[in-house]
Amino acid sequence: MLLILGILGIINRKKQKKYYIIFSLISSFFIIFRFDTEFDYVWYWIIGDNRFEQYWFYQQTYTGIEIFFKIIYSMSRFFESPKFFFISTGLLFSVIFFKSLRRYSNNIFLSLSFYIYLYAIYIAFLIGFIRQGLAIVLSFYLFKKINEKKYLTYFYGVILITIFIHKSAIICLIFIFLKFMEKKRNVIRIFYILLIFVSFRIEWLVNKIGILRKYNFYFNSTTKLENLGIKTITALGFLFLAILVLDFKSKKKDFFLSDILKVGFILYFTLIKIKGGHIPQRISIYFLIYFPIYFSSYIYKFKQRKEISIALIVLLFAYGNYQLFKSSISAKKNDNKSRVSGQFKLQFFNDYKDLNGKYIPYTDQEVEYEISDN
């Protein structure tokens, strides 16, 4: 149905708003009421489930979590509903994301297709890491302030997101530098060189700086590269390079957006050795979230933009469903080892006992705490 809505939205621009609203509502429903859809789902559940009150993870993780999420969890505990956490954060994520995208993209259904069908690096990744996902879409929403050159407003916004939502959002302050230096290409090139150097030396820096040493375990992870989205992001990288080459002599270049993406790809490929915690993706996604907008805007320049956009949407749809089919087959073969369900589920009629994998984050330790159904 989403495929049909996307095609209709491209064919009939007069009704595009209507199709977009329907598309957004359907997608939001599945985002809000999803169940057991990502590795961290179990620990997000435990913190909001009063039945785990005597389990060490229940209070210890709550104590160290950001202020905004403490408020959400306090409400979850008050209503005695761990599902409240997923519903409220899912609703907030959906409203911010779909409102922001409509503001930035002139080829909105093609952009949406990238976010939805390349789910492993976009939508599923963002809603999987819930706290950081909210930080990313909030910074995405703030992007308009940078374009309006309201640097101070953007700065304060990023600081608030960093304090109350997720510390990683501080990296978005790079956007101010990129926008401010947009016309000074030599300065930007020097920045790229410094960024590459620092990224390659990141393990050394982590080991040398005392406050960062606690993150050293990320370098020793056994996570496979394919789990970091390397194939998909490499393909996007080649598409990006192709546009840069084809657009080399253009006088209407969007230097700012291309600079953002260059930083994203540099960070991803230079940090790829940090496999633990999906760090390359978790850092670069603040920048690579703009790729669908950049690419869709480029396609919009062509006279045959409708035909090209429809063909790309169908291709992305086919690829996304192929990946889903592969992952579901793999999950069925390893059902006892998988940390998430092999099939998409909704929260209705499901409880903690129905979660497929019950593991403590970043460990192979299962949750060793039994709860009653009462």
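These numbers come from a predicted model, not from an experiment. Numbering of residues begins at 1 and proceeds along the displayed sequence.
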Between [X] and [Y], ring centroids under 6.0 Å:
{"X": "Phe143", "Y": "Tyr290", "value": "yes"}
{"X": "Phe287", "Y": "Phe175", "value": "yes"}
{"X": "Phe109", "Y": "Tyr19", "value": "no"}
{"X": "Phe86", "Y": "Tyr41", "value": "yes"}
{"X": "Tyr319", "Y": "Tyr117", "value": "no"}
{"X": "Tyr115", "Y": "Phe97", "value": "yes"}
{"X": "Phe29", "Y": "Phe33", "value": "yes"}

Do [X] and [Y] have side-chain heavy atoms sitting under 4.5 Å apart?
{"X": "Phe69", "Y": "Tyr44", "result": "no"}
{"X": "Ser199", "Y": "Leu267", "result": "yes"}
{"X": "Phe52", "Y": "Ile47", "result": "no"}
{"X": "Leu118", "Y": "Gln323", "result": "no"}
{"X": "Leu5", "Y": "Tyr20", "result": "no"}
{"X": "Phe255", "Y": "Leu178", "result": "no"}
{"X": "Phe125", "Y": "Gln281", "result": "yes"}
{"X": "Asn107", "Y": "Phe295", "result": "no"}

Identify the heavy atoms of [X] and [Y] that sit nearest to each other, and give their distance.
{"X": "Phe23", "Y": "Leu2", "result": "CE1-O, 3.4 Å"}
{"X": "Ser113", "Y": "Leu316", "result": "CB-CD1, 3.8 Å"}
{"X": "Tyr73", "Y": "Ile65", "result": "CE1-CD1, 3.7 Å"}
{"X": "Leu138", "Y": "Ile165", "result": "CD1-CG1, 3.9 Å"}
{"X": "Arg34", "Y": "Ile127", "result": "NH2-O, 3.1 Å"}
{"X": "Ile285", "Y": "Gln132", "result": "CG2-NE2, 4.4 Å"}

Between [atom1] on residue [X] and [atom2] on residue [Y], distance to nearest 0.5 Å:
{"X": "Ile46", "Y": "Glu53", "atom1": "CD1", "atom2": "CD", "result": "14.0 Å"}
{"X": "Ile96", "Y": "Phe140", "atom1": "CD1", "atom2": "CZ", "result": "11.5 Å"}
{"X": "Thr153", "Y": "Glu148", "atom1": "OG1", "atom2": "CD", "result": "8.5 Å"}
{"X": "Ile72", "Y": "Ile130", "atom1": "CD1", "atom2": "CD1", "result": "11.0 Å"}
{"X": "Leu8", "Y": "Leu3", "atom1": "CG", "atom2": "CG", "result": "9.5 Å"}
{"X": "Phe302", "Y": "Ile308", "atom1": "CZ", "atom2": "CD1", "result": "5.5 Å"}

_cation_pi(Arg103, Tyr141) dist<6.0 Å, angle<=45_ = yes
*Mark yes or no: Arg282 above the aromatic ring of Phe129, with NZ or CZ under 6.0 Å from the six-membered ring centre and no more than 45 degrees from the axis.*
yes
*Would you say the side-chain atoms of Lys83 pair up with the backbone N or O of Asn350, donor to acceptor, closer than 3.5 Å?*
yes
*Name the orientation class of the two ring planes belonging to Tyr55 and Phe57 (parallel below 30°, tilted from 30 to 60°, perpendicular beyond 60°).*
tilted
*Ion pair present between Asp259 and Arg189, side-chain N to carboxylate O less than 4.0 angstrom?*
no
*asked:* Looking only at side-chain N and O atoms, does Tyr62 offer a donor or acceptor that is under 3.5 Å from a partner on Ser74?
replied: yes
*asked:* Hydrogens and angles aside, do Tyr58 and Asn50 bring a side-chain donor and acceptor to less than 3.5 Å of each other?
replied: yes
*Can you list the steps and then say if Ser111 with Tyr104 is a side chain to side chain donor-acceptor pair (under 3.5 Å)?*
CA-CA 10 Å; Ser111 296; Tyr104 301 138; over 6 Å; no
*Ile21: hydrophobic cluster co-members (side-chain, 4.5 Å)*: Leu25
*Taking atom NZ of Lys144 as the centre, does the number of heavy atoms from other residues, nucleotides or ligands within less than 6.0 Å exceed 12?*
yes
*Are more than 12 heavy atoms from other residues, nucleotides or ligands located less than 6.0 Å from atom OH of Tyr192?*
yes
